[in-house]
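Before any comments, here is the structure.
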Amino acid sequence: MSEERSLNFIEEIIEEDIRNGKNDGRVHTRFPPEPNGYLHIGHAKSICLNFGLARKYNGKTNLRFDDTNPEKEETEYVESIKEDVRWLGFEWEEELYASDYFDQIYSFAVKLIEKGLAYVDDSSPDEIALQKGTPTEAGVANQYRSRSIAENLLLFSEMKEGKYKDGERVLRAKIDLASPNMHLRDPIMYRIRHVNHHRTGDTWCIYPMYDFAHGQSDSIEKITHSICTLEFIPHRPLYDWFIDELEIFPTKQYEFARLNMTYTVMSKRRLLQLVNEGFVNGWDDPRMPTISGMRRRGYTRDSILEFCDRIGVAKRENVIDVSLLEFCVREDLNKSAWRRMAVLDPLKLVITNYPEGQEEIFEGENNPEVEGGDGSRAIPFSRELWIERDDFMEIPSKKYFRLGPGLMVRLKSAYIIKCDDFVKDEQGNVTEVHCSYIPESKSGHDTSAIKVKGTIHWVSIPHASKAEVRLYDRLFNDEDPMSNGKDFLEIINQASLQVMPEVYMEPDMAHAEMGRGYQFIRKGYYTLDKDSVEGNLVFNRTVTLKDTWAKEVKKG
RNA sequence: UGCCCGAUAGUAUAAAGGUAGUACAACGGUUUUUGGUAUCGUUUGUCUAGGUUCGAAUCCUGGUCGGGCAACCA
């Protein structure tokens with residue numbers, strides 16, 4: 001399966017393993033989320049990697065929930081995770097749970113006790129932390145470390161029986177209190193938690209730590225390539241030690257750099273905070289970097305897959321520019337979104353030489369990028385139209401080629417018009433623009449020979465369909481919301497959501513379909529929101545169009 | 001300052017000892033009934049000092065810088 005495209009470092013390892021006949025050429029990965037939050041775009045990178053590798057090398061991928069901390073885990077999260085993985089287009093080999101292995105993991109613990117490699121410690125968390133030393137000072141042993149195997153066995157089974165309260169005792173591995181690797185200084189394997197678990201209920205009151213469950217779960221599943229993020233590098237020797245001492249399948253772990261993105265926070269803890277403290281409206285708020293939020297916002301599956309493909313996989317810490325994500329969704333939507341006209345900030349335009357009461361129906365292609373236009377829709381036209389307020393300038397600048405006194409533009413799919421006059425109210429606001437149209441310039445049958453530089457969108461006033469539109473901007477004002485000294489909550493962009501309650505759209509939009517991308521011509525990509533009800537449709541702006549004019553204006 | 005990772009344009013990512021390439025971003029043309037799309041072009045890079053070699057982004061050594069590790073979280 002070698003092609004021109006270069007391999008990332010994990011693919012190189014896998015191809016090397018296959019060449020060497022390791023694991024009989026088998027490739028088995030897993031995606032192991034903890035069900036304590038919704039998946040985000042960073043998880044999408046991991047999903048694409050794990051499932052993508054299996055797909056590429058004819059292997060399998062398990063979906064395994066690492067549910068070893070019952071205090072934070074919920075079934076709601078399990079369901080959302082499954083939905084998101086499926087939506088991304090991946091199928092797991094098996095749906096598994098670390099909690100399925102609790103019996104087995106318990107017996108692993110017993111085995112280590114029997115080998116004299118684990119002991120029950122009665123110390124408090126503070127004491128344990130203190131005895132652990134620091135990175136530059138070795139830890140010290142306490143009296144419990146030398147307990148007999150028999151006593152450890154008894155105590156551990158009593159822990160399981162529920163004889164002790166939360167925090168009274170823990171089971172620890174007996175490794176090396178002087179190890180330069182802090183994770184090898186007698187790490188905790190089991191703790192007591194009298195809490196209901198989302199799957200095992202009240203069966204257990206002791207739960208294995210992640211470090212005593214993750215590696216073994218991989219091993220139990222005979223995972224060949226256990227792929228995780230960089231912060232687990234120092235844990236690897238511990239997992240290898242457990243696997244060695246337990247004499248179980250030797251899963252190998254490989255670490256890559258997690259995704260970071262400008263203007264984005266990417267930790268479940270902080271995302272949960274945004275949700276809980278009401279800065280956003282739930283995990284699937286379209287401003288969230290969650291898969292569900294992005295889906296609701298209008299991001300397509302393909303655009304996310306393409307993004308994950310483009311960012312690459314390496315070990316270097318990285319911060320991806322969100323503009324790459326935006327590029328990917330524009331690129332995809334440009335090919336699939338149906339073009340429609342919508343006026344967000346309306347200004348009335350009257351075509352003075354167009355007979356009152358007359359109307360015409362124009363035809364507009366759904367998508368000019370598609371061969372044949374991907375079908376078409378009817379667009380009614382009449383004497384009075386809505387146009388965008390910023391498509392008229394009382395005193396136009398030199399490079400402005402829209403409407404202004406004496407200027408001509410084409411109304412998209414209709415006629416060329418000339419601005420003759422405009423009306424202002426007492427405050428000096430323009431309230432109406434008066435134009436005359438050129439009958440010979442009819443779209444598709446233009447014999448006028450007039451060339452205009454600008455084309456603007458419009459909506460016929462008597463035919464307009466009204467809807468609510470929600471405009472989103474970045475959630476944070478700073479490119480690095482976590483930059484030192486700043487509380488990320490303080491740099492939240494207060495204007496990240498702008499609601500336009502009455503947007504005028506061409507009548508066809510009354511039949512907008514859920515899940516479809518629409519390009520409001522010159523205004524961006526939009527999609528129907530789940531808050532829509534009959535008679536009150538709501539659209540989310542997925543992303544604006546690239547806007548070189550806005551840049552020009554900014555430059556001044 | 002103990003251990004562990006890493007360092008290539010603004011941001012990412014290739015080049016497996018032999019021409020430093022690609023994408024996004026930025027900037028400038030062309031085309032255009034979307035100031036969109038498409039297309040062409042431009043600017044910007046191997047952290048540093050030594051060493052090995054005919055030849056180093058790549059291998060070795062020292063340094064610098066960035067990140068991680070001392071939760072009964074994952």
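Keep in mind that the numbers below use all heavy atoms, side chains included, and drop hydrogens, waters and symmetry copies. Here is the naming used below: chain letters follow the sequence lines, and residue numbers restart at 1 for every chain.
Heavy atoms of A:Ser179 sit nowhere under 4.0 angstrom from any nucleic acid atom. As judged by a 4.0 angstrom heavy-atom cut-off over every strand, A:Asn181 is placed among residues making no nucleic acid contact. Residue-level contact check: A:Val319 touches the backbone only, with heavy atoms under 4.0 Å from sugar-phosphate atoms and none from bases. Using a 4.0 Å heavy-atom cutoff across all strands shown, A:Thr229 reaches no nucleic acid atom at all. Within the 4.0 angstrom heavy-atom criterion, no nucleotide atom of any strand lies near A:His457. Within the nucleic acid shown, A:Tyr207 has no heavy atom closer than 4.0 Å to any nucleic acid atom. Within 4.0 Å of A:Arg193, counting heavy atoms only, lies at least one base atom of the nucleic acid.
The aromatic rings of A:Phe401 and A:Trp549 sit tilted, their planes meeting at an angle between 30° and 60°. Using the six-membered ring where Trp is involved, A:His214 and A:Tyr239 have ring planes that are tilted, between 30° and 60° apart.
No donor-acceptor contact under 3.5 angstrom links the side chains of A:Asn367 and A:Ser336, judged on distance only. Between A:Asp302 and A:Thr300, the side chains place no donor N or O within less than 3.5 Å of an acceptor N or O (distance only, hydrogens not considered).
Taking atom CD on A:Gln216 and atom P on B:A74, their separation rounds to 13 Å, with Å as the unit. Across the protein-nucleic acid pair, A:Met189 atom CE and B:C73 atom P stand 15 Å apart, rounded to whole Å. Following rounding to the nearest Å, A:Glu231 (CD) and B:C73 (P) show an atom-to-atom distance of 17 Å. Protein atom CE of A:Met182 is 11 Å distant from nucleotide atom P of B:C72, rounded to whole Å. The interatomic distance linking A:Lys72 (NZ) with B:C72 (P) rounds to 12 Å, in whole Å. Atom pair A:Phe9:CZ and B:A7:P shows a separation of 11 Å (rounding to whole Å applied). The separation between A:Asp309 atom CG and B:A14 atom C1' is 14 Å, rounded to whole Å. Rounding to whole angstrom units, CG of residue A:Leu130 and P of B:A71 are separated by 11 Å.
Applying the Watson-Crick and G-U wobble criteria (two distances, each under 3.5 Å), B:A56 pairs with nothing in any strand. With a cut-off of 3.5 Å on both Watson-Crick or G-U wobble distances, the partner of B:G62 is given as B:U48. Across all strands shown, B:C27 pairs with B:G41; the Watson-Crick or G-U wobble distances both stay below 3.5 Å.
Considering only the side chain of A:Glu317, B:G67 comes nearest among B:C72, B:A15, B:G67. Between B:A70, B:C5, B:U13, one nucleotide has an atom nearer to the side chain of A:Lys132 than all others, and that is B:A70. Looking at the side chain of A:Leu324, the nearest of the listed nucleotides B:C5, B:G67, B:C24 is B:C24. If you check B:U13, B:C69, B:C72 against the side chain of A:Pro234, the one that comes closest is B:C69.
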Does the salt bridge (charged side-chain N to carboxylate O under 4.0 Å, His left out) test come out yes or no for A:Glu360 and A:Lys442, once each step is laid out? CA-CA 11 Å; A:Glu360 274 177 271; A:Lys442 187 167 166 172; 3.2 Å; yes
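Close placement of the A:Phe520 and A:Tyr526 rings is indicated, their centers lying within 6.0 Å of each other. Under the 6.0 Å cut-off for aromatic ring centres, A:Phe362 and A:Tyr415 qualify, their centroids lying closer than that. A:Tyr106 has its ring centre less than 6.0 Å from the ring centre of A:Phe156. Checked against a 6.0 Å centroid threshold, the rings of A:Phe476 and A:Tyr263 do not count as neighbours.
With hydrogens and angles ignored, no donor-acceptor pair under 3.5 angstrom links the side chain of A:Arg310 to the base of B:C24.
For the C1' atoms, the distance linking B:G36 with B:A74 amounts to 44 Å, nearest Å. The gap from the C1' atom of B:A12 to that of B:A7 amounts to 14 Å, rounded to the nearest Å. Taking atom C1' in both B:U44 and B:U11, one finds a spacing of 12 Å when rounded to whole Å. Of the C1' atoms belonging to B:U19 and B:A57, the separation is 14 Å, rounded to the nearest Å. To the nearest whole angstrom, the two P atoms, one in B:A26 and one in B:G10, are 15 Å apart. Nucleotides B:G17 and B:G2 are separated by 34 Å at their P atoms, to the nearest Å. Of the C1' atoms belonging to B:A16 and B:U58, the separation is 8 Å, rounded to the nearest Å. Rounded to a whole angstrom, the distance from the C1' atom of B:U53 to that of B:G67 is 33 Å.
OP1 or OP2 of B:A74 has not a single side-chain nitrogen or oxygen of A:Arg258 nearer than 4.0 Å. Between A:Lys551 and the phosphate of B:A26, there is a side-chain N or O to OP1/OP2 separation shorter than 4.0 Å. In terms of phosphate contacts, A:Thr68 brings no side-chain nitrogen or oxygen within less than 4.0 Å of OP1 or OP2 of B:C73. For A:Arg236, no side-chain nitrogen or oxygen approaches OP1 or OP2 of B:C69 to under 4.0 Å.
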Letter per nucleotide, 5' to 3', of nucleotides 28-47 of chain B [B base touched, S only sugar-phosphate touched, - untouched; heavy atoms, 4.0 Å]: S----BBBBS----------
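A:Asp218 has a carboxylate O that lies under 4.0 Å from a charged side-chain N of A:Arg64, or vice versa, which qualifies the two as a salt bridge.
With the nearest nucleotide of RNA chain B identified for both A:Ile233 and A:Asp67, A:Ile233 has the one nearer the 5' end.
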